[in-house]
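First up is the structure itself, then whatever we jot down about it.
All chains are named by letter (A, B, ...) in the order of the sequence lines, taking the proteins before the strands, and each is independently numbered beginning at 1.
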2 protein chains.
Amino acid sequence: MATYTANEIDSLLETSGLKRTRGRIAVLHALRKAHKPIAIEDLHTSLTEPIHFVTLYRMLKQFVDAGIVYQTDLRSGKAYYELQREHHHHITCTKCGHQEEFSICANPLLNDISKKSKDFEDITSHTFELFSVCNSCQRST
Amino acid sequence: MATYTANEIDSLLETSGLKRTRGRIAVLHALRKAHKPIAIEDLHTSLTEPIHFVTLYRMLKQFVDAGIVYQTDLRSGKAYYELQREHHHHITCTKCGHQEEFSICANPLLNDISKKSKDFEDITSHTFELFSVCNSCQRST
DNA sequence: TTTAGTGCAAAATCTTTGCAGGGTA
DNA sequence: TACCCTGCAAAGATTTTGCACTAAA
């Protein structure tokens with residue numbers, strides 16, 4: 001449950017035209033284990049294979065371009081990554097950073113939007129993140 | 001039309017408990033003129049008053065916290081800012097950077113989400129950005 | 001073998017912090 | 001006057017680039 005099957009990973013990579021390397025497989029497994037958007041630094045820590053930061057940056061960019069990985073931004077000054085098929089969103093507290101997950105996705109809106117667009121056909125990816133002050137921070141103000 | 005009235009700016013700042021300085025007024029005017037999310041560097045270029053980058057960073061953080069300014073991320077490695085009341089979203093081409101604006105906002109979803117949340121009452125702000133490959137880049141592949 | 005992927009070193013870019021002086025209420 | 005705001009210098013953090021070597025198809 002915590003890992004992709006070898007077949008699933010292989011087909012993801014093959015479809016994208018990316019070679020099946022030890023590093024990429026390890027990264028996809030690590031992303032799968034995270035179960036939430038994770039920053040590059042934390043991803044690197046969680047890896048079982050030694051992979052250089054530079055390589056990690058390059059891999060993730062390719063994965064995002066290929067649509068395998070979802071990239072989002074939580075206003076913390078760095079990028080967060082998650083497997084596309086685990087895709088979900090968060091409310092983040094702007095005071096303490098506390099997060100709550102929610103399963104509602106903006107997908108229904110995407111169809112409307114792409115239908116109206118003249119320059120774009122399909123939306124390959126999106127970000128959707130909410131920010132607020134959590135109840136406990138609110139009380140302590 | 002391209003500028004706030006002095007009164008409007010004054011009340012924005014007053015409500016937020018921020019002092020009415022020459023710099024802040026100039027920045028709000030510049031944001032108003034932009035009519036779209038703008039990066040700090042471009043904002044700085046467009047200013048009529050000389051304002052230090054450091055000050056600009058600090059101002060924008062305050063504005064975002066105060067709810068005057070909307071902060072978003074276009075996966076370009078830097079933050080974009082826009083007046084909250086001009087708030088709208090974009091589809092960005094991941095190849096050439098071409099943007100198309102759309103007026104549909106995720107607001108209807110926000111209500112649903114905050115109602116279901118146990119840790120958060122009101123959503124103060126959100127990001128919602130779409131990514132795709134534009135038709136013209138698609139053709140040239 | 002040929003092309004794509006990786007590691008290393010270095011640099012570029014964006015953003016934050018501490019402190020002293022200046023402006024606003 | 002008291003506190004907030006700003007500029008300056010410096011540092012911190014994240015991400016990118018060039019090049020040589022290695023591994024996958």
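- Applying the 4.0 Å criterion to OP1 and OP2 of C:dG5, one finds that A:Arg58 has every side-chain N and O outside that range.
- Ring centroids of A:His87 and A:His126 are separated by less than 6.0 Å, placing the two rings close together.
- For C:dT15, the base has no donor-acceptor partner in the side chain of B:Lys78 [N/O atoms by modelled type, under 3.5 angstrom].
- The CD1-P distance, from A:Ile51 to C:dC8, rounds to 12 Å in whole Å.
- Using a 4.0 Å cut-off, no side-chain N or O of A:Lys61 falls inside it from OP1 or OP2 of D:dT15.
- Across B:Thr48 and B:Lys33, no two heavy atoms sit closer than the pair CG2-NZ, 4.4 Å.
- Rounding to the nearest 0.5 Å gives a distance of 5.0 Å between CG of B:Leu74 and OG1 of B:Thr92.
- Rounded to a whole Å, the CG atom of B:Leu18 is 15 Å from the C1' atom of C:dG23.
- Note on B:Thr21: every side-chain N or O is 4.0 Å or more away from OP1 and OP2 of D:dC4.
- Protein atom NE2 of B:His52 is 14 Å distant from nucleotide atom C1' of C:dA20, rounded to whole Å.
- For the pair A:Gly17 and B:Ala79, nearest-nucleotide mapping onto DNA chain C gives the more 5' position to A:Gly17.
- Checked against C:dA25, D:dA9, D:dT17, the side chain of A:Val54 finds its nearest nucleotide in D:dT17.
- For the pair A:Glu49 CD and C:dG7 C1', the computed distance is 15 Å after rounding to whole Å.
- Checked by atom type, the side-chain pair A:Thr72/B:Arg75 shows no donor-acceptor distance below 3.5 Å.
- When each of B:Gly77 and B:Phe53 is assigned the nucleotide of DNA chain D with its nearest heavy atom, B:Phe53 is the one assigned upstream, toward the 5' end.
- Residue A:Arg22 is out of contact with every strand shown, counting any heavy-atom pair closer than 4.0 Å.
- The distance between atom CD of A:Glu14 and atom P of C:dA4, rounded to the nearest whole Å, is 16 Å.
- A straight line from CE of B:Met59 to P of C:dT17 spans 18 Å, rounded to a whole angstrom.
- Taking every side-chain heavy atom of B:Glu41 into account, C:dC14 is the closest of C:dC14, C:dT15, D:dG7.
- Using a 4.0 Å heavy-atom cutoff across all strands shown, B:Thr55 reaches at least one base atom of the nucleic acid.
- Considering only side-chain N and O atoms, A:Tyr57 lies under 4.0 angstrom from the phosphate OP1 or OP2 of D:dT15.
- Protein atom NE2 of A:His44 is 14 Å distant from nucleotide atom P of D:dT15, rounded to whole Å.
- Using a 4.0 Å heavy-atom criterion, one finds that A:Gln62 contacts the sugar-phosphate atoms exclusively.
- The separation between B:Asp73 atom CG and D:dT14 atom P is 15 Å, rounded to whole Å.
- Aromatic ring centroids of A:His88 and A:Phe102 lie 6.0 Å or more apart.
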